[in-house]
Amino acid sequence: MNDFSRLCVHTMTTKPWSLTEAIDAYAKAGVPAITVWRQHITPMGLEAAAKALRESGLRVTSLCRGGFFPAISEAGRQTAIDDNRRAVDEAAAIGAPLIVLVCGAVPGRPLEEGRRHILDGIAAVLPHAQAAGVKLGIEPLHPVYADSRSAVNTLKTANDMAETLASPWVGVTVDVYHLWWDPDLEREIARAGKNILSFHVCDWRTPTRDILNDRGLMGEGCINIRQIRRWVTRAGFEGDIEVEIFSDEHWAEDQTQYLERIKTAYLNRV
Ligand code: ZN
């Protein structure tokens with residue numbers, strides 16, 4: 001049976017709220033865990049954010065997001081590595097055991113080149129992550145984002161990378177929005193096994209009116225979320241189940257009422 005013990009909400013899901021407002025509302029609503037987006041830390045500062053999270057009693061599931069490693073110039077790639085090291089420091093400061101990597105892609109450049117940059121970038125950040133006790137989760141993105149957001153578009157590619165890097169500090173993130181269409185998904189989830197570091201849920205609306213900001217609440221779309229949850233459970237995943245929804249429509253609603261609808265959808269549709 002479902003209960004709320006593993007429910008985590010991303011601060012981007014309730015984007016109109018400041019980090020303080022999100023922390024207060026989640027705690028009040030009985031949501032035990034939070035994934036923090038870096039843009040919600042910036043306005044209040046890292047120290048204050050870390051303090052507020054510590055005092056809230058919420059479990060910090062992960063920090064979103066690192067990545068964006070590919071760049072045309074060497075300097076650009078170094079800038080990305082430096083920024084990911086800062087993200088590791090931020091994750092450690094707020095008590096997040098994991099950073100989710102949206103790996104990046106450069107429009108017009110070959111995806112194979114991007115994947116080399118991604119692998120090199122993660123390898124460069126890895127010692128710092130290990131020293132800080134922060135894991136790195138490679139999140140494959142739906143192929144519709146292959147032009148500019150990620151050259152990693154299937155769980156197979158993410159698994160290949162994690163196996164190449166062969167570190168207990170690198171694994172994969174399974175997001176139903178990005179992976180639900182993949183005929184190899186069941187097999188690749190089984191292959192990932194304990195390398196699955198996090199699990200993101202939302203839904204795929206038909207029609208999708210905006211490819212970035214029209215994700216559905218669970219049950220509003222066509223993804224068989226329960227089936228994918230069974231697969232990750234069978235693979236050994238026992239972590240939080242993270243509700244990550246980018247939606248102009250839902251961001252325009254009363255966020256307190258929306259959070260209650262998220263809880264209902266989580267109980268009935270995940
Ligand atoms: Zn995600």
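Order of listing sets the numbers, starting from 1, for every ligand and every atom in it. Positions are given from 1, in the same order as the sequence printed here.
- A cation-pi arrangement, defined by a distance under 6.0 Å to the six-membered ring centre and an angle within 45 degrees of its axis, is present between Lys263 and Phe4.
- For the pair Arg229 and Phe199, the cation does not sit on the ring face, since its NZ or CZ is not both under 6.0 Å from the ring centre and inside 45° of the axis.
- Both Ile245 and Ile241 belong to a single network of hydrophobic side chains, linked directly or stepwise wherever heavy atoms of I, L, V, M, F, W or Y lie under 4.5 Å apart.
- In summary, Glu242 places no N/O/S atom under 2.8 Å from the Zn ion (ligand 1), failing the contact criterion.
- Looking at Glu244 and the Zn ion (ligand 1) together, the shortest N, O or S contact belongs to OE1.
- Put simply, Cys64 stays out of reach of the Zn ion (ligand 1), with no N, O or S atom under 2.8 Å from it.
- Closest to the Zn ion (ligand 1) among the N, O or S atoms of Asp175 is OD2.
- For His200, the N, O or S atom closest to the Zn ion (ligand 1) goes by the atom name ND1.
- Thr61 and Asp240 share a side-chain donor-acceptor pair at under 3.5 Å.
- No other N/O/S atom of Glu139 lies as close to the Zn ion (ligand 1) as OE2 does.
- A salt bridge links Glu186 with Arg234: the distance from a Lys NZ or Arg NE/NH1/NH2 to an Asp or Glu carboxylate oxygen falls below 4.0 Å.
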